[in-house]
Amino acid sequence: MTTTAAITDAQGPEAQAALRATGLKVTAGRVAVLEALEHAPHVDAEAVLALVRDRLPGTSVQSIHNVLGDLVDAGLVRRFTPARQAARYERRVGDNHHHAVCSSCGRVDDVDCVVGEAPCLHADAPTGFVVAVAEVTFVGICADCLAAAAAEEPAP
């Protein structure tokens, strides 16, 4: 990935500030990925690559995975993996929200914390175990897929 490209102050000032605040080096790849995720949440690494390819020609999907890993480790990006799908990434971090995943089209929507405060679900954990985060994925059919299915059904 092109990491030595000059970055101007006009390119991603919020992304640059976020990277600096976590101690990560500001690189063109990191800025581009953060900005892409700001505008396209819940995407996988392949989609991130497609979003940054014009800005970072020659970038590989492995480079995107490396950048995403750095951003997840720094707490700037959240990674979640819906069942039977590739890992997805988003910028919404720190609020312990959940996800609704359509089993038909794969659409992902955010679901605010069910109870209110993290971890927002209280399981019967083993003695001495403190739950910090509860990750919940609601799987079902989104409204668009339900409407499409209803439109395809023959009238009685």
Side-chain angles (χ1 to χ4, degrees), residues 1-114 118-121 131-152:
M1 176 178 299
T2 306
T3 57
T4 56
I7 301 172
T8 68
D9 288 337
Q11 293 174 307
E14 295 86 10
Q16 289 184 45
L19 289 164
R20 287 187 182 107
T22 63
L24 285 178
K25 182 178 177 183
V26 175
T27 66
R30 289 175 177 162
V31 169
V33 168
L34 282 173
E35 288 183 338
L37 290 174
E38 197 66 45
H39 300 290
H42 309 134
V43 293
D44 63 17
E46 294 281 345
V48 172
L49 176 60
L51 291 166
V52 302
R53 185 166 270 144
D54 288 345
R55 200 164 153 188
L56 301 169
T59 300
S60 70
V61 72
Q62 183 58 54
S63 293
I64 296 298
H65 279 289
N66 293 343
V67 168
L68 288 166
D70 291 343
L71 298 175
V72 168
D73 290 346
L76 294 173
V77 168
R78 180 177 177 187
R79 178 186 195 267
F80 66 98
T81 308
R84 296 177 301 281
Q85 293 186 27
R88 306 281 186 101
Y89 299 88
E90 66 183 338
R91 288 281 290 130
R92 185 176 172 185
V93 297
D95 66 349
N96 200 49
H97 70 280
H98 310 297
H99 297 100
V101 179
C102 179
S103 59
S104 181
C105 70
R107 174 180 164 171
V108 178
D109 288 307
D110 289 330
V111 176
D112 288 330
C113 200
V114 180
C120 80
L121 295 175
V131 177
V133 175
E135 291 193 15
V136 176
T137 302
F138 300 96
V139 178
I141 307 293
C142 71
D144 292 342
C145 289
L146 282 174
E152 291 176 4

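Rounded to the nearest 0.5 angstrom, Leu37 CG and Tyr89 OH are separated by 9.5 Å. Between the CD1 atom in Ile141 and the OG atom in Ser104 there is a gap of 5.0 Å [rounded to 0.5 Å]. We find the CG-CG distance between Leu76 and Leu19 to be 6.0 Å, quoted to the nearest 0.5 Å.
Heavy-atom minimum distance, Ala32 versus Arg55: CA-NH1, 3.8 Å. Contact between Arg88 and Gly106 at its shortest, heavy atoms only, is NH2-O, 3.3 Å. Of all the heavy atoms in Val67 and Gly29, the pair that sits closest is CG1-O, 4.1 Å. Closest non-hydrogen pair, Arg91 versus Ala18, comes out as NH2-CB, 4.5 Å. Residues Thr59 and Ser63 approach most closely at CG2-CB, 4.1 Å, considering heavy atoms. Closest non-hydrogen pair, Cys105 versus Cys142, comes out as SG-SG, 3.8 Å.
The one candidate from Asn66, Thr22, Leu24, Val93 that meets the side-chain contact (heavy atoms from CB on, under 4.5 Å) condition with Leu71 is Leu24.
Judged as a side-chain hydrogen bond (donor to acceptor under 3.5 Å, both in side chains), and not counting sequence neighbours, the contacts of Asp144 are Arg107. Residues satisfying the side-chain hydrogen bond (donor to acceptor under 3.5 Å, both in side chains) test with Asp70, not counting sequence neighbours, are Arg30.
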**Prompt:** Does the pair Val77 and Arg92 meet the rule for a side-chain contact (heavy atoms from CB on, under 4.5 Å), with working shown?
**Reply:** CA-CA 7 Å; Val77 168; Arg92 185 176 172 185; over 6 Å; no
**Message:** If you apply the rule side-chain contact (heavy atoms from CB on, under 4.5 Å), what do you find for Phe138 with Val101, and how did you get there?
**Reply:** CA-CA 6 Å; Phe138 300 96; Val101 179; over 6 Å; no
**Asked** Can you check side-chain contact (heavy atoms from CB on, under 4.5 Å) on Arg78 and Val72, steps first, answer last?
**Response** CA-CA 6 Å; Arg78 180 177 177 187; Val72 168; over 6 Å; no
**Message:** Please evaluate residues Thr137 and Val108 with respect to the criterion side-chain contact (heavy atoms from CB on, under 4.5 Å), reporting the C-alpha separation (whole Å), side-chain torsions for both, the decisive distance (0.1 Å), and the verdict.
**Reply:** CA-CA 10 Å; Thr137 302; Val108 178; over 6 Å; no
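Ring pair Phe80/His99 is parallel by interplanar angle, where below 30° counts as parallel and above 60° as perpendicular.
Of the N and O atoms on the side chains of Asp110 and His97, at least one donor lies less than 3.5 Å from an acceptor on the other residue.
Ionic pairing of Glu90 and Arg79 is not present here: no N-O contact between side-chain nitrogen and carboxylate oxygen is shorter than 4.0 angstrom.
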Please tabulate, for the side chains in residues 43-50, all donor-acceptor contacts under 3.5 angstrom to protein atoms that are two or more places apart in sequence or on a different chain.
{"unit_1": "Asp44", "atom_1": "OD1", "unit_2": "Glu46", "atom_2": "N", "d": "3.3"}
{"unit_1": "Asp44", "atom_1": "OD1", "unit_2": "Ala47", "atom_2": "N", "d": "2.8"}

